[in-house]
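Below is one structure, written out as structure tokens; the observations come after it.
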Number of protein chains: 2
Amino acid sequence: MEIVDLSTLPQKDTRYDEFLKQVCEKYEMDHAAYAGMNPAAGSIHGHVTYSDEWKAHYQEQGLHLIDPTLHMSQRSIAPVDWSRLERGKDFQRVFRDAHDFGIPDQGITIPVRGPYGDIGLLSATRECSREEWKKLVGSVITDLQSLAVHIHDHVMTSESISRMLYHPTLSSREQEILQWAAAGKSQQDIGDILSISHRTVEVHLRSAREKLNALTTPQAVGRAIGIGLIYPG
Amino acid sequence: MEIVDLSTLPQKDTRYDEFLKQVCEKYEMDHAAYAGMNPAAGSIHGHVTYSDEWKAHYQEQGLHLIDPTLHMSQRSIAPVDWSRLERGKDFQRVFRDAHDFGIPDQGITIPVRGPYGDIGLLSATRECSREEWKKLVGSVITDLQSLAVHIHDHVMTSESISRMLYHPTLSSREQEILQWAAAGKSQQDIGDILSISHRTVEVHLRSAREKLNALTTPQAVGRAIGIGLIYPG
DNA sequence: GAATCTATTGGGGGATTCCCGTAGTTTGGC
DNA sequence: GCCAAACTACGGGAATCCCCCAATAGATTC
């Protein structure tokens, strides 16, 4: 996974940073962050109101690989209050570091999903008492959900980023062969079915794995199904 | 695609119908409808406040195959006002029929996506002037977005739906290991992660394949994702 | 015409999966 | 208490997958 800090791009679009700042002000938050990711394409990109030092540290340390807020988002639909995250090793690591940069572990993340396996996350943090936080969240969560959809939709439909993040396209042969693999056929079977060498089948499977950023065929099949390139066989 | 009317099931859960009715009342709508679909698994299920006659007609005619509100939802993240739908052949067909059953073509559909490729749609309609409708939508859309997430999350995690769709149930260990396989881990990797022998991992994968009636692990992963037992890793 | 991409086939070899067993412990239900 | 099922663990051997390499033909692009 590679991190792309959208604010450093040449076609930098300051509207998003501005947008996040406004979110902070309007909803009385310390920080707001948007992250978009596409596991199949293997990319993460984002806008944050955090300090540049934290951004640099986060990227240097590869914290995106263990960030529990990112992991959570891969399986949740509903907003997740950080207090409900599992207090594991990764959590300790990320939030201990975050604390050193003045970022509290009191926050909320709202995931939204797009049609191409893309995931958008809108997070907001605030340092205050637990009671105060609960009350705040209750009063702004529906607005934040709406904003999360809005910003993710906006980012994904913008030309510059969508080209980077769009789900990979398999060649018709790759798609065909992956479909047979999902149907439980071995490489030899597929070769016989398509009247080609099982060697060739393996080549196509490999390139399909590469395009889907998958380490194994099972993972490739899973991702292809997840983004609708093939169907469960 | 097969349609399942959740309200006709023996384990019928009237809370959803009740919920939709309340949505109508609270937000001054004529009708509200929830539809959940999983293109990968090829299923559609739903709750509606429409008349039984319309439900029957809809299913008999197979209107779900051409319903533009369903099609739209497969590629959109943001809410879609029906006035923005393409006025094509399918639109004419569905909404002409709908009109005969007292359902207006003024409505809005809010799509939400889950981690398994599942899509939830919350729709609401109201017969009134264009100005009135615009004003109404503006004032309730954020609430509806929030409700859409809520109901879809609820339906997808409810026991009844998963039982209804006849899913083989994997043991927690099998599910866990299959999830790691979908994440691209080898049997040896998984054994190391879970601190068990890679032989044992293979046993669990085998029984998972048997339960899913799959010939290979890729097929098992695909099916498990298709029916929502695991998510693409 | 050259370069690039895709589809195709092949060899060799190591890594991995998969199927055939056996067997002890735990867990939950009857 | 008993039984079925799940979970754990181990091993041999065959099948399969996966990765390295190279090579040809056709289509498209520059």
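Keep in mind that what you see is a predicted model, and the values were worked out from it rather than measured. Values below: all heavy atoms of this structure, side chains included; hydrogens, waters and symmetry mates excluded. The sequence lines fix the lettering, A, B, ..., with proteins before strands; numbering per chain opens at 1.
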Query raised in the report: Angle class for the A/H47/A/Y16 ring planes (parallel below 30°, perpendicular above 60°, tilted otherwise)?
Result: tilted
Report task. Please work out if A/T200 contacts a base, only the sugar-phosphate, or nothing of the nucleic acid, heavy-atom cut-off 4.0 Å. Result -> base
Query - Contact summary for A/A182 and A/I230, nearest pair of heavy atoms - result: CB-CD1, 3.8 Å
Query - Mutual orientation of the aromatic rings belonging to B/Y34 and B/H152 [parallel < 30°, tilted 30-60°, perpendicular > 60°] - result: tilted
Query raised in the report: Base, backbone or nothing for each nucleotide of nucleotides 14-22 of chain D, written B, S, -, heavy atoms under 4.0 angstrom, 5' to 3'?
Result: ---SBBB--
Query raised in the report: Rounded to the nearest Å, what distance is computed from the CG atom of residue B/L170 to the C1' atom of nucleotide D/dC7?
Result: 15 Å
Query raised in the report: Within the structure shown, what part of the strands sits under 4.0 Å from A/H198 by heavy-atom distance: base, sugar-phosphate, or nothing?
Result: nothing
Query - A/L215 backbone acceptor or donor facing A/Q219 side chain under 3.5 Å - result: yes
**Report entry** All ring-ring contact (aromatic ring centres under 6.0 Å, His included) counterparts of B/Y231, not counting sequence neighbours
**Finding:** none
**Report entry** Distance (rounded to the nearest 0.5 Å) between A/H71 NE2 and A/H64 NE2
**Finding:** 9.5 Å
Query - Rounded distance (Å) that lies between atom P of D/dA5 and atom NE2 of B/H204 - result: 16 Å
Query raised in the report: Residues in side chain to side chain donor-acceptor pair (under 3.5 Å) with A/E202, at least two apart?
Result: A/R206
Report task. Identify the two heavy atoms, one from A/G222 and one from B/I225, that lie closest to each other, and give their separation to 0.1 Å. Result -> CA-CD1, 3.2 Å
Query raised in the report: Do A/V48 and A/Y58 come within less than 4.5 Å of each other through their side chains, counting heavy atoms only?
Result: no
Query raised in the report: Which heavy atom in A/E174 sits nearest to a heavy atom in A/H204, and how many Å separate them?
Result: CG-O, 3.7 Å
Query raised in the report: Taking only side-chain nitrogens and oxygens of B/S197, does any of them come within less than 4.0 Å of OP1 or OP2 of D/dC10?
Result: yes
**Report entry** Bending between helix ends of the helix from C/dG1-D/dC30 to C/dC30-D/dG1 [5 pairs per end, 10° resolution]
**Finding:** 70°
**Report entry** Opening and closing nucleotides of DNA chain C in contact with chain A, under 4.0 Å to non-hydrogen atoms
**Finding:** C/dA7 to C/dG12
**Report entry** Selection residues 175-191 of chain A - residue pairs positive for salt bridge (charged side-chain N to carboxylate O under 4.0 Å, His left out), sequence neighbours left out
**Finding:** A/R173-A/E176
